[in-house]
Amino acid sequence: MEILIFMLIGVVIGRFCFPRKLKKLNEKMQVFMTMLLIFAMGVMLGRRENLINELTSLGVKSLVFCLVPTILSTIIVYFLTERFFDKDKKEQEGE
Amino acid sequence: MVILAVIALVLGTFYGLSGLEFTLFDYLASHTDYILYATMVLVGISVGLHESIVEQMKKYHLKLLLIPMGIVAGSLIGGVICSFVLNEPMRESLAISGGLGWYSLTGVAIGNLSGAEYGSIAFLSNLMREIISFFVIPVIAVKFNYYTCIAPAGATSEDTTLPMMIRYTDEKTVVFSVLNGVICSACVPAIMSFCYAAF
């Protein structure tokens, strides 16, 4: 919920008082913050005890548990969005 | 972007494994909430600068629910398939696949309810889902459509994978992505409770 609140704060700033000439800087800052987030995720992973042992013993099974649901989700969402959101895809292509 | 993401992940992992302690890095790693909130303000600014986005969103109403519904359905069907293929109990298989990429919650919760091995599988598989999302979002954006980029990300589409949406899709998809993440995040505890109550 906090995430939505912070995003709404940003929307208000962007809508009413953010200088348009700083749009590129804002995008670069987003990339920088993303890298910080991913770096922090890596630190958390590296600090996890038994990470290497877990990966070697349960890695393949975990990969199957990752891939099958992810692929099926992607296929279903693709067909749903092609069926119900098709006009928007054409808009994207037209832009 | 993807290369930068890999470099950041590898550097972070090596730093974590090394046992070194730098105040700044440790502070960053233990305060990811603040980084995420700052990112969300920046994302909000991008959305706010896009003037027609509110009008575009009004067109959708209940259609907004189709994406999270598709993600949950696909993940749970995937869990059923995994249960048969890997010969694992249906309860744990559905709970793991119903994590929708939220590795921190599912790893701990399933570990407490079903033991360390299933907790580790839940953690790793959902973490892999998040990491794989980073790499497939750019491909899906080109080969399929922007909305489908949200599917692999699942519950993480409101936070860690969101910047990839910003980079490779458009402002409207970014808003869909945030709403999807909120809905999926709310679904994960419900799916888990259902699995442990029903099986």
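Convention: sequence-line order gives letters A, B, ...; per-chain numbering from 1.
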Contact leader toward chain A among [options], where contacts are heavy-atom pairs under 4.5 Å:
| options | answer |
| --- | --- |
| Thr148(B), Leu162(B), Thr160(B) | Thr148(B) |
| Asp26(B), Leu49(B), Thr39(B) | Leu49(B) |
| Val136(B), Val72(B), Ile35(B) | Ile35(B) |
| Gly19(B), Cys82(B), Ala73(B) | Cys82(B) |

- Task: Hey, could you give me the CZ/CZ distance between Phe25(B) and Phe39(A), rounded to the nearest 0.5 Å?
- Result: 4.5 Å

- Query: Given the rule in the side chain to side chain contact (heavy atoms under 4.5 Å, CB included) test, do Val10(B) and Thr13(B) qualify, once you have shown the distances and angles that lead to the verdict?
  - Reply: CA-CA 5 Å; Val10(B) 170; Thr13(B) 309; 5.7 Å; no

Counting N and O atoms only, with roles assigned by atom type, does the side chain of [X] sit under 3.5 Å from a partner on the main chain of [Y], one being a donor and the other an acceptor?
| X | Y | result |
| --- | --- | --- |
| Thr81(A) | Val77(A) | yes |
| Arg129(B) | Pro152(B) | yes |
| Ser73(A) | Ala151(B) | no |
| Ser193(B) | Pro189(B) | yes |
| Asn126(B) | Tyr103(B) | no |
| Lys63(B) | Phe84(A) | yes |

With a 3.5 Å cut-off and sequence neighbours excluded, list the donor-acceptor pairs that the side chains of residues 63-72 of chain A form with protein atoms.
| from | atom 1 | to | atom 2 | distance (Å) |
| --- | --- | --- | --- | --- |
| Thr70(A) | OG1 | Cys66(A) | O | 2.6 |

In terms of the angle between their ring planes, are [X] and [Y] parallel, tilted or perpendicular, with boundaries placed at 30° and 60°?
| X | Y | value |
| --- | --- | --- |
| Phe194(B) | Phe199(B) | perpendicular |
| Phe85(A) | Tyr147(B) | tilted |
| Tyr34(B) | His31(B) | parallel |

- Give me the contact list for residues 90-100 of chain B versus chain A, heavy atoms only, anything under 4.5 Å, ordered by residue number.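 Interface residues of residues 90-100 of chain B: Ser93(B), Ile96(B), Ser97(B).
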
- Item | residues 113-125 of chain B: residues contacting chain A (heavy atom under 4.5 Å, by number) |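 When heavy atoms of chain A are the reference, residues 113-125 of chain B contributes Glu117(B), Ser120(B), Ile121(B), Phe123(B), Leu124(B), Ser125(B) within the under-4.5 Å range.
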
- Using a heavy-atom distance cut-off of less than 4.5 Å, which residues of residues 20-28 of chain A contact chain B?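 Within residues 20-28 of chain A, the residues under 4.5 Å from chain B are Arg20(A), Lys23(A), Asn26(A).
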
- Are Ser177(B) and Glu158(B) close enough that some pair of their side-chain heavy atoms sits under 4.5 Å apart?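 No, too far: nothing below the 4.5 Å cut-off.
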
Residue part contacting chain A, namely of [X], when any heavy atom lies under 4.5 Å:
| X | answer |
| --- | --- |
| Ile77(B) | both |
| Ile140(B) | side chain |
| Leu127(B) | side chain |
| Leu28(B) | both |
| Asp33(B) | neither |

- Query: Is it true that atom OH of Tyr196(B) has more than 12 heavy atoms of other residues, nucleotides or ligands lying nearer than 6.0 Å?
  - Reply: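 It does: Tyr196(B) OH has more than 12 such atoms within range.
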
- Message: Trp102(B) vs Ser185(B), test: side chain to side chain contact (heavy atoms under 4.5 Å, CB included). Steps then yes/no.
- Response: CA-CA 8 Å; Trp102(B) 192 356; Ser185(B) 298; 4.1 Å; yes

- Message: What verdict does the side chain to side chain contact (heavy atoms under 4.5 Å, CB included) test give for Arg167(B) and Gln30(A), after you've listed the backbone C-alpha separation in whole Å, the side-chain angles of each residue and the deciding distance to 0.1 Å?
- Response: CA-CA 9 Å; Arg167(B) 182 82 179 177; Gln30(A) 285 174 29; over 6 Å; no

- Message: Determine whether Met164(B) and Ser133(B) satisfy the following criterion, side chain to side chain contact (heavy atoms under 4.5 Å, CB included), listing intermediate values before the conclusion.
- Response: CA-CA 9 Å; Met164(B) 297 302 280; Ser133(B) 298; over 6 Å; no

